[in-house]
Amino acid sequence: MFGSIPIISIIILLPLIGAIATFCLGRYEKYAKWVALSFSLAALVLSVLVAVDFMVEPDGSATGYHEGNGFFDFQYYEEYSWIQSLGIRYIVGLDGIGLPLFLLTTLLTTLSILFSWDTKHRPKAYFGLMLILEVGVLGVFSTLDYFVFYIFWEVVLIPMYFLIGVWGGPRKDYAAIKFFIYTHIASLAMLIAIMAMYFQSGINSFGMEDIWRAGLSEFGRTFQIVAFAATFFGFGVKLPMVPFHTWLPDAHVEAPTAGSVLLAGLLLKMGGYGIIRVSMPTLPEGADAMQLVMAVIAVASILYGAMVCLAQRDLKKMVAYSSISHMGFVLLGFATFTQLGIVAGVFQMFAHGLVTAVLFMMCGVVQHHAGTRMIPSLGGLSKKMPNAATMMTIGFLASLGLPGLVSFAAEFMVFASVYQTWGLWLLVPMIAVAVTAGYYLWALQRSMFGPLTENIDTSHVHDINWFEGVPVGTLIALIAIFGVFPLVVFKYIDPAVRIVQVLFAGGG
Amino acid sequence: MIPIEYWLILSSLLLAIGVYGVMTRKNAIVVLMSIEIMLNAANINLVAFSSYYSSLHPNLGTDATGQAFALFSIAIAAAEVAVGLAILLSVYRRYQTIDVDKINILRW
Amino acid sequence: MDVLQYAWLIPVFPFIAFILIALIPKRTLGWEDGWGYAIAGAGGALVLSSLVIWEVLNGHTLTEDAPRTTWLIIGDYEVTFGIWIDQLAALMLLIVSIVGTLVVVYSGGYMHAEGETRRRYYAEIMLFISVMYGLVIADNYLQMFIFWELVGLCSYLLIGFWYQKPSAASAAKRAFIVTRVGDIMFMAGIILLFKYVGNLDFAVLFDINSGTPGAPTVPSDILILSTALIFGGAIGKSAQFPLHEWLPDAMEGPTTVSALIHAATMVKAGVYLTARTYPLLVQTPESLLFVAVIGGVTALIAASCALAANDIKRVLAYSTISQLGYMILGLGAGGYLVYHLQDPNGYTAATFHMMNHAFFKALLFLCAGSVIHAVGTNDMRLMGGLRKHMKITSTTMLIGALAIAGVPPLSGFWSKDEVLAAVYHAGDLDPIFLLLWVLGIVTAFMTAFYMFRMWFMTFAGEARSTYHAHESPKIMTIPLIILAGLAITSGFALLAGDGFKAFMELPIEEYVIPGHESTFDIAVEIFTDPLTYVSLVLAVVGILLAYRMYYVPGFDRSIFARGAAGTMQRALENRLYISKFYDDFAYKVWYGFSIVCDAFDRRVIDGAVNGFSYLGANTGGVIRKAQSGNVQRYASLIIVGIVILLALLLFVVPWGGW
């Protein structure tokens, strides 16, 4: 459909142009949201077209097809030399792992901008930063050169730092700095590993594919273990994995709602994406040596996250911890090293992106309308906001893995793959299924059901606004659609993961 | 001919006196004067080594480089005193004191 | 046209009704706020179900070559959505369609006062009926599990229908979580099978170890484990001991919901699952024993709890648990009979009881609903004397009570007797079944007693509080009369035509097809068996005892307040402390542990993070003190530094020989 049009670069550039336009609005700042929305919407429309087009000829003749000969096969492949002396190139392309996350990025950014429709405080900066964030995340999910990958990776931090630090809650300074330093240290570990791989490979290229190819012969076992540990730490903090997770609840509690949506919906996915795109294919022996570590950390994240959720009094903090628990499923799926498990992990990332966005938006709605998110102060709100209560219930149910909604297929596949690899140890992470139901339903009962609370003034509480309802409704519709027809997403992920399997099992 | 060691001891003493003044006195003008003393200790060394060098190598004739440097240094010191006093003057205008312990805003 | 090919349309009717009720704007919905759409949805499904059942009665089934559509690909296995219509599914379709339709009709009267919230009620009921049909016609375990969870969701939503009541919201949550514990076991069982067979279709799984070429083989210990785990799902959904306490709490929902979901259909799903898994279960006597023991123990414990309950719906709830225990016991014992003797009597008896129980228990619940509708309370201690005001309700409820007590010729008599007979016969194979048979007999006695205790307390004697009772409107009494008719007649299915036993073909190849028995032979067999009279006499004794204690005035009930009897009474009133145990476990142990986790997270893990940053900041804080702003100190430090450097150069370096 796109011929020789460099469609991915266009999609990445659109929000950047939008951001510049937003910053340049001068005193017409009330139009900032319109500008931001139109640019993000344009990116969304184009990425949907890409997703449709992607499947038309998935195995060869489509635009810009790049056959990796053992490495991932990419479509819409673009390659330009940038710094020749260091072998740095700008390469972008999409495969079945990157595309769902790419699509998720444009979708969630658009919906978050819509959700923030009534932002009054410095709207130009707010919407501009969101678009810059989108640029960074889109770049991470499509770049195939380590150097550019690292640049995009770091670009993501800055707008998020300001989103938390300027539009955040009471402890925003603490949270913003903690978020920045913590994840920055993690990305430094990743940078060291990238540099090590670059020098160890002995070739003058930062290209992922080149380094992978050179690594087949150049990376010894010890090197792989050390480099894997470094990248795993770098990506795992972003994931986040226990015990390197404490930046997440603080950042979420203080971040504005749209910031939380993007943080949980997109930034966490960067960690999982890094593991599947970088760590495991390029350093298979390292991964092999660390398999048990990955699994133990994953199970610990799942169970521990769920247990901590149960004790939370702040609705949003509970949702934040639930992200830790659910991203544990991603890691657990990856750690099985099976086709099924890795597909499940990627699927779970996509599902979690949709579901957690709903949850954070609903936390924002409660905060916005009731004035507080503390569960003990809430109660009986469904009387005042029936539509919001319905949406929140659906979101919670989706998150606890109800069949017919999107997370179920992913969770079931994770469990099936865990049994294939570790047998009856399966029952350990399964405990979390009951605990998850427990904390969600208990929170629902205490905040939405029962008699109307008298702890807060509820006389002005009214139902969800249109600009909040539309994004949440859209997401819920997608959750239901992909829950009933998971095969739609599955068809993208499965072939790409088969390649991971090949990379992994045979080393090429 | 006075042996070079004597000159060196003299200049060391002058330097020590200057350092002592710089380190202990509270009045900025006295500190400035102490710095001048230290500077002169260096000048003495320059002149002393200049003549010592000539005495070691009589076939080279008289080398006045060190003495020229000393003169140069004295001229610089004069300029420096002028600048230093100007600073002290403006400090005094700002703080109504030239006690160096009171002028400590350049800290954490 | 083959009707069976279109059986997948059955759930579609109520689902469309659900969508319409949920999405049509409030103003234009009208028609009693969705009742009409609900009737249409349930009715459409009823009609199609009837056609399907008729086909099955004529000997057609649709199992392995049914139409199916791919849902997901797991590894090399395509998860499909298909349909599987055999006799068991047809039986379940019969139950769901009849009870579902009647309950929807009845709701038109019962929920009349609810106003606008009726819309939510009808939407959720339609969703439930739809997914329940989906569960029944599923052709693989994963599809079944999906609908299994969805009926649990509907149960959650409907128990919490009056969510403003804290007790209702709490009960809904509890029901969902407790059944989810069972669901986890179910899922684990499925995954176990999947690993060994690579497939979840019934068509493939039921061939396991059958010896036919290409049939998958599974080691017997894995088969035992997986069947036991799958049965774990039934323990949760069918409220079997020790996960049974959610069902009495679930009575917080509207009575119609209790009748439909928590008596007739959803709680039967566990029994249905166990029966569905029979081709696997009968290969594993260990699992069967487990099933039977759970069933027997549940029957007794629940029946004893029902003895002391004062809430009319709780009596019925415990009674439901107890009867479900019967069915499970029958299936366990029946499996033993199949395993050793290729005798399907236990299986047919349990499924027969499943059908009969659905009718008379739905009847009892709807009668209770009618009473509550009239009186406005659930507490039987505040009722009494209602017979005078509510002729139809009291009569139909009497029929239901007689049926469940096992008085011939009502339906409960036939099926309960068959179940107990099967258990007794299994006693020849393993003496533990004799013990279970005793439990069953005692339960039968208790059942007769508490049912008539309930009936006498509600309808007989004088009113114990002031109320203006009146008979319910026709829209409610007509379903009662229909169900009463079914409660009277459904037992004769055992005798009609070829008989129920011949109809309920086991999906196993090598069992002995029961020879054609005439109606007369079956009847003779039943009435010449002394076991029949044992249970019959116990039922009559139970009824008479209830009559003596709760009808004839002057019985001194204070003996239940003292001594051993008093302890017993208090234990029963407190539901044998099982509920309290769960509450303590959840709120004290588990929640306490989570508080500890949270504190650990903030203090230790986050403490370490903050400790690091504090360390960094503090070191800087200490060092910056050197930056005093005192120029003289800087100068001193410079000089000290120079001296030290000089000293190093002059003395240390030469000594070190560098």
Side-chain angles (χ1 to χ4, degrees), chain A residues 178 181-182 242-247 249-250 304 307-312 321 338-340 380 382-383 393 397 400-404 408-409 412-413 415-420 423-424 426-427 430-431 433-435 437-439 441-442 444-446 448-452 484-487 490 494, chain C residues 70-75 79 120 131 142 145-150 152-153 156-157 160 163-170 172-174 176-178 180-181 183-185 187-188 190-192 194-195 225 586 590-602 604-610 613:
Chain A
K178 190 175 184 177
I181 294 178
Y182 212 135
V242 171
F244 305 107
H245 64 278
T246 52
W247 62 271
D250 282 318
Y304 179 81
M307 282 310 291
V308 176
C309 276
L310 200 55
Q312 296 310 317
Y321 273 110
T338 57
Q339 164 76 15
L340 184 56
S382 58
K383 200 173 179 61
T393 309
L397 290 171
L400 62 80
L402 193 82
F408 169 74
F412 184 84
M413 288 196 288
F415 285 135
S417 65
V418 168
Y419 184 79
Q420 287 184 354
L424 281 179
L426 160 71
L427 293 172
M430 267 190 147
I431 298 169
V433 174
V435 182
Y439 65 74
L441 297 187
W442 198 33
L444 203 58
Q445 177 197 344
R446 288 180 295 167
M448 287 293 166
F449 301 153
L452 193 60
V484 178
F485 305 105
L487 209 57
F490 182 84
D494 194 52
Chain C
T70 304
W71 182 67
L72 188 62
I73 300 167
I74 297 182
V79 183
R120 185 159 53 86
V131 293
L142 190 61
F145 182 78
I146 287 169
F147 288 111
W148 180 271
E149 288 277 288
L150 289 176
L153 162 74
Y156 167 76
L157 292 173
Y163 55 77
Q164 295 92 340
K165 272 201 311 189
S167 57
S170 170
K173 171 198 66 183
R174 183 189 296 226
F176 193 87
I177 295 171
V178 172
R180 202 127 216 261
V181 173
D183 297 350
I184 290 173
M185 291 191 266
M187 201 205 267
I190 295 177
I191 288 173
L192 230 69
F194 179 66
K195 151 90 178 185
L225 190 59
W590 200 254
Y591 182 57
F593 180 54
S594 84
I595 298 258
V596 171
C597 282
D598 183 46
F600 177 78
D601 199 58
R602 277 184 289 118
V604 181
I605 296 186
D606 206 25
V609 174
N610 286 335
S613 67

Nearest atoms (heavy-atom pairs only) where [X] meets [Y]:
X         : Y         : value
Leu72(C)  : Met413(A) : CD2-SD, 4.2 Å
Lys383(A) : Tyr163(C) : N-OH, 4.2 Å
Ala434(A) : Ile177(C) : O-CG2, 4.3 Å
Leu427(A) : Ala188(C) : CD2-CB, 3.9 Å
Ser594(C) : Met307(A) : CB-O, 3.0 Å
Cys597(C) : Tyr304(A) : O-OH, 3.6 Å

Region of [X] that comes under 4.5 Å of a non-hydrogen atom in chain C:
X         : value
Tyr182(A) : side chain
Asp494(A) : neither
Phe415(A) : both
Leu310(A) : both
Thr338(A) : neither
Tyr321(A) : side chain

task = Over 60° means perpendicular and under 30° means parallel, so classify the ring planes of Trp442(A) and Tyr591(C), tilted if in between.
result = perpendicular

ask   = With chain A, which of Val604(C), Val79(C), Leu153(C), Val181(C) has the greatest number of heavy-atom pairs at distances under 4.5 Å?
value = Leu153(C)

inquiry  = Tell me which of these, Lys173(C), Met185(C), Met187(C), Lys165(C), has more heavy-atom pairs under 4.5 Å with chain A than the rest.
reply    = Lys173(C)

Side-chain (Trp71(C)) to main-chain (Val484(A)) donor-acceptor, under 3.5 angstrom = yes

key: Under 3.5 Å donor-acceptor, Arg180(C) side chain and Val433(A) backbone   = yes

ask   = Between Ala437(A), Pro486(A), Ser417(A), Gly380(A), which shows the greatest number of heavy-atom pairs under 4.5 Å with chain C?
value = Pro486(A)

message = Using a 4.5 angstrom heavy-atom cutoff, name the option from Phe485(A), Phe244(A), Phe490(A), Phe408(A) with the most pairs to chain C.
response = Phe490(A)

Side chain, backbone, both or neither: which part of [X] has a heavy atom under 4.5 Å from chain A?
X         : answer
Ser613(C) : neither
Ser167(C) : neither
Asp183(C) : neither
Trp148(C) : neither
Leu225(C) : side chain

query = Looking at residues at least two apart in the chain, or sitting in another chain, which of them share a salt bridge (charged side-chain N to carboxylate O under 4.0 Å, His left out) with Arg174(C)?
reply = Asp249(C), Asp583(C)

task = Not counting sequence neighbours, which residues clear salt bridge (charged side-chain N to carboxylate O under 4.0 Å, His left out) with Lys195(C)? List them please.
result = none

task = Begin with the C-alpha distance, continue with both residues' side-chain angles, and end with the deciding distance and a verdict on side-chain contact (heavy atoms from CB on, under 4.5 Å) for Leu452(A) and Gln164(C).
result = CA-CA 8 Å; Leu452(A) 193 60; Gln164(C) 295 92 340; over 6 Å; no

ask   = Say you draw a straight line from CG of Leu397(A) to CG of Leu157(C); how long is it, rounded to the nearest 0.5 Å?
value = 7.0 Å

key: Distance, nearest 0.5 Å, that separates CG of Asp250(A) from CG of Asp606(C)   = 5.5 Å

request  = For Leu192(C) and Leu424(A), run side-chain contact (heavy atoms from CB on, under 4.5 Å): C-alpha distance rounded to whole Å, both residues' side-chain angles, the deciding distance at 0.1 Å, then the answer.
outcome  = CA-CA 9 Å; Leu192(C) 230 69; Leu424(A) 281 179; 3.8 Å; yes

Should [X] and [Y] count as side-chain neighbours, where that means a heavy-atom distance under 4.5 Å?
X         : Y         : value
Ile191(C) : Gln420(A) : no
Leu400(A) : Glu149(C) : no
Trp247(A) : Val609(C) : no
Leu444(A) : Tyr156(C) : yes
Arg602(C) : Thr246(A) : no
Phe412(A) : Ile190(C) : yes

